[in-house]
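These numbers come from a predicted model, not from an experiment.
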Amino acid sequence: MSEQNIRVRFAPSPTGPLHMGGVRTALYNYLLAKKHGGKFILRIEDTDQTRFVPGAEDYILESFKWCGIEFDEGVHIGGPFAPYRQSDRKELYKQYADDLIKNGHAYYAFDTADELDTLRQQFETEKKTFIYNAEVRAGLNNSLTKSEAEVRGWLESGKPYVIRFKMPESEEIKMQDIIRGEVVVNTKVLDDKVLFKSDGMPTYHLANVVDDHLMEITHVIRGEEWLPSMPLHILLYRAFGWDIPAFAHLPLLLKPDGKGKLSKRDGDRLGFPVFPLEWTDPKSGETTRGYREDGYFPDAFINMLAFLGWNPGDERELFDIDSMAEAFSLERVNKSGARFDPDKARWFNHQYLQMKNDRELAEAFLPFLQKKGIITDLDYVQKVVSMVKERVNFVYEMWDQASFFFQAPDGYDEAAVKKRWKQSSYNQMEELKEILAQTEPFTSEHTEEVVKQWMEEKEYGMGAVMNAFRLLLVGALKGPHLFDIAELIGQEETLMRIQTGLHELGRKD
RNA sequence: GGUCCGUUCGUCUAGCCAGGUCAGGACGCCAGGUUUUCAUCCUGGUAACACGGGUUCGAAUCCCGUACGGACUACCA
């Protein structure tokens, strides 16, 4: 296989919002293509008309746009193998199913859903495993058991039928998976899967194999849930006489606690998003949170996701998407499921937040201020942001750390008052106010110098004075360097807050 | 039930393919340091090869079995 010609695809079903596991699958496909200069294709697999959800396709597109994952070909941009939506390729599949019938690898089956249901129940009561295989099909109505004339008659009369794959009775299928190595399955435990449905649409199995072949896909990279159908797919390629692509089945994303794969319920229960973007169900109107709306940076989200099942083999953890592609290889993808850790996700966002420049962060913070009714300019916000960014994981957390830069405290933390507003505080703050009123220029550095000198002369305790002062400016015992705060809010505001505080807190006896 | 896949600190993982390291890193947690406060940050600590056999001078690493977990088992993808 020539590395230059690598072609991979992500093939979601538009049945709802894209799960973060799906995003990771797409990401790994993207990284492989990017690394080898190959092509990455987006194909929509909407062969089940009953599960179609309006808006899902747009959601998928918007999610990847947000993540920074770009496609070379796809339903939204076209390409040399268009169309890329299976419902638009509908006419194509029948002929391939017919080819399989002609060469003896498939057959018409006329069983109704009811008939199959009773058959399954019957097997169950007899404690037997129901497999629609050679033994079973011999006793049913299909083109293998009935005469050609009878079958033709049924077909012409419009009797509903499906086309099933004729699974070999007993044959060892040896397969190679890039991540798992050799996998061997005997066809006797496999069933005659439906390839073509009675509604005129192919099933996933047929459409997927046909399209992957037609679109010249070289690597099929998908979730572990597809591993059991790999033998069927291999057999289909063989039946068609086509080259078989390389397969790689990715490990599952597991819930943070307990057992099983990560689901929407876990996010609701534990308080984190499972989808990249917020999603409103068109039927129920129910809204589900997304990473974007929860304040995650797309690059942090992608970085976190990539490390759930892959690592570069050294100790680096922070990668932009380009260097990630450079370092990526399927051989370094793990076999076992990766449990999602919301704490680590937050940590990634913290790292990325520190890497953003103050201008970007200020722009991101501005809408939160506007929502609070704060009118201010970007330069001021930028200064604020530079002081508080290292204390937060998310932009929205900045308000909590910076509100006092924009408005005087509307109260004083009770525990802090109890601890730091002492008998001497009132007089000290009164003195401090007089001193600060005369301090010129009112820069952080100069103010600090003046205040410290005064404290030394009066032999006031650093802790006592500074904490009382902080209480008056901030309303609580938190925040950045106090003199930086004073400088930024300005002399007038500083004096006013001291005055207000003296009035509010009063003398303590 | 059947088939397949998996199993290293609480979590993500390195090491396994080409047996020999005090089993390494990160998140979390704990402690100490820095600091006028909180947070950040720095330093240190905590903690793992699922179990049982075998092969070997020597096994996390190779083989077999057991247990546990997961996925799949539709005219869904």
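Under a cutoff of 6.0 Å and an axis angle of 45°, A:R164 and A:Y132 form a cation-pi pair. Both tests do not hold together for A:K193 against A:F165: distance to the six-membered ring centre under 6.0 Å, angle to the ring axis within 45°.
Between A:N467 and B:U37 there is no side-chain polar atom (N or O) within less than 4.0 angstrom of OP1 or OP2. For A:N393 and B:U40, the shortest distance from a side-chain N or O to OP1 or OP2 is not below 4.0 Å. Checking the phosphate oxygens (OP1, OP2) of B:U13, a side-chain nitrogen or oxygen of A:N334 falls inside 4.0 Å. In this model, the phosphate group of B:C76 is approached by a side-chain N or O of A:K197 to a distance below 4.0 Å at OP1 or OP2. Side-chain N/O atoms of A:K478 include none lying less than 4.0 angstrom from OP1 or OP2 on B:U35. Taking side-chain N and O atoms only, A:R339 has no distance below 4.0 Å to OP1 or OP2 of B:G70. The shortest distance between the side-chain N/O atoms of A:R164 and the OP1/OP2 oxygens of B:C75 is below 4.0 Å. Applying the 4.0 Å criterion to OP1 and OP2 of B:A77, one finds that A:T47 has a side-chain N or O inside that range. Remark: A:K261 is in phosphate contact with B:C72, judged by side-chain N or O atoms under 4.0 Å from OP1 or OP2.
Between A:Q354 atom CD and B:U40 atom P the separation is 11 Å, expressed in whole Å. Taking atom NZ of A:K255 as the reference point, atom C1' of B:A71 lies 14 Å away to the nearest angstrom. Nucleotide B:U73 holds its P atom 7 Å from the NZ atom of A:K193, rounded to whole Å.
Atom C1' of B:G24 sits at a distance of 28 Å from the matching atom of B:C5, rounded to the whole Å. For the C1' atom pair drawn from B:A60 and B:C9, the interatomic distance equals 13 Å after rounding to whole Å. Nucleotides B:U35 and B:A23, compared at atom C1', are 38 Å apart to the nearest Å. Comparing B:A14 with B:A59, their P atoms are spaced 23 Å from each other, to the whole Å. Spacing between B:C75 and B:A18 at atom C1', rounded to whole Å, works out to 50 Å. The separation of B:A26 from B:A48, taken at their C1' atoms, amounts to 15 Å, rounded to a whole angstrom.
Comparing A:H350 and A:F340 against RNA chain B, the residue whose closest nucleotide sits nearer the 5' end is A:F340.
As judged by a 4.0 angstrom heavy-atom cut-off over every strand, A:P480 is placed among the base-contacting residues.
For A:T15 against A:V53, the heavy-atom pair with the smallest separation is O-CG2, 3.2 Å.
Closest approach to the A:R332 side chain among B:G25, B:A77, B:A14 is made by B:A14 (side chain taken as heavy atoms from C-beta onward). Distances were taken from every side-chain heavy atom of A:M466 (C-beta onward) to each of B:C38, B:G2, B:U36; the shortest belongs to B:U36. If you check B:C12, B:C5, B:C75 against the side chain of A:V183, the one that comes closest is B:C5.
Between the A:E115 side chain and the A:T112 main chain, a donor and an acceptor come within less than 3.5 Å of each other.
In a base pair of the Watson-Crick type (N1 to N3 plus N6-O4 or O6-N4) or a G-U wobble (N1-O2 and O6-N3), with each distance short of 3.5 Å, B:U3 is matched with B:A71.
Between A:R85 and A:E57, at least one side-chain N (NZ, or NE/NH1/NH2) sits under 4.0 Å from a carboxylate O, which counts as a salt bridge.
Residues A:M429 and A:W421 have side chains in contact (heavy-atom distance under 4.5 Å, counting atoms from C-beta outward).
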